[in-house]
Amino acid sequence: MNTIKLNLDRKTNELVKGFENLKKASFSEDTVVLVLSTSFSLESVNVFLSANEDMFNPVDLTDGYVDSIELLGDFTLYKKTGNLKEHDKFSDFYENNDLEKITINKYSMWIKECFDSANLDLSMPIYFGVLDEEYVLNLVTGEWEDPIEIEF
């Protein structure tokens, strides 16, 4: 977890700046919610924002407006080193101790901290979710929510 925290800390300024740049972005009037998402593996994560008409459907691309932005390019949370036996031992430990859930939570809270540091005043809600996970994090309130139940 210390290695993951160190790797996140190295990217903090870059993500905060990405959030700050949203202050200058123009979103179409069809945009109701901003949704940050990421695919997740220890070897490769990124942060991608889309302007959506609801939690699941992006707005149609309209000239002059932002429909999606990569806020943070691919980076590594934890790089496994050592031989194959050490990799297997780490993988077993990771799975047996439900460290993926812990790591996703730590990563999500880091996203929230970076969002808070950017001092954004958005006119629409903004959520963060990891692909294939059940809940999304409301970056304004810090609450986990079921995206199916979110209404605008």
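Computed from a predicted structure; not experimentally measured.
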Problem - Worked verdict on Tyr127 versus Glu145 for side-chain contact (heavy atoms from CB on, under 4.5 Å) - result: CA-CA 9 Å; Tyr127 289 87; Glu145 300 179 32; 3.2 Å; yes
Exercise for the section: Report the C-alpha separation of Phe48 and Thr38 in whole Å, then their side-chain angles, then the decisive distance to 0.1 Å, and conclude whether the side-chain contact (heavy atoms from CB on, under 4.5 Å) test is met. Expected result: CA-CA 6 Å; Phe48 181 81; Thr38 188; over 6 Å; no
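Ion pair Lys11/Glu14 flagged as a salt bridge, since at least one NZ, NE, NH1 or NH2 atom sits closer than 4.0 Å to an Asp/Glu carboxylate oxygen.
The backbone N or O of Leu8 lies less than 3.5 Å from a partner atom in the side chain of Thr12, making a donor-acceptor pair. Side chain of Asn97 to main chain of Phe93: a donor-acceptor pair is present (N/O by atom type, distance under 3.5 Å, no hydrogens or angles).
When Asp67, Asp60, Val59 are each tested for a side chain to side chain contact (heavy atoms under 4.5 Å, CB included) with Asp30, only one passes: Val59. Remark: of the listed residues Val130, Leu137, Leu131, Val130 is the sole one forming a side chain to side chain contact (heavy atoms under 4.5 Å, CB included) with Glu133.
Using a 4.5 Å heavy-atom cutoff, the side chains of Tyr107 and Val47 are in contact. Two residues are said to be in side-chain contact when any heavy atoms from C-beta on lie closer than 4.5 Å; Thr3 and Asn7 meet this criterion. Within the 4.5 Å cutoff, the side chain of Phe40 has no heavy atoms near those of the Asp132 side chain. Side-chain contact check for Ile4 versus Met1: some heavy-atom pair is nearer than 4.5 Å. At least one side-chain heavy atom of Ile150 sits under 4.5 Å from a side-chain heavy atom of Met55. In this structure, Tyr65 and Thr31 have side chains that are not in contact, with every pair of non-hydrogen atoms separated by 4.5 Å or more.
Within 6.0 Å of CG on Asp146 lie more than 12 heavy atoms contributed by other residues, nucleotides or ligands.
Trp144 CH2 to Asn105 CG: the interatomic distance, rounded to the nearest 0.5 Å, is 6.0 Å.
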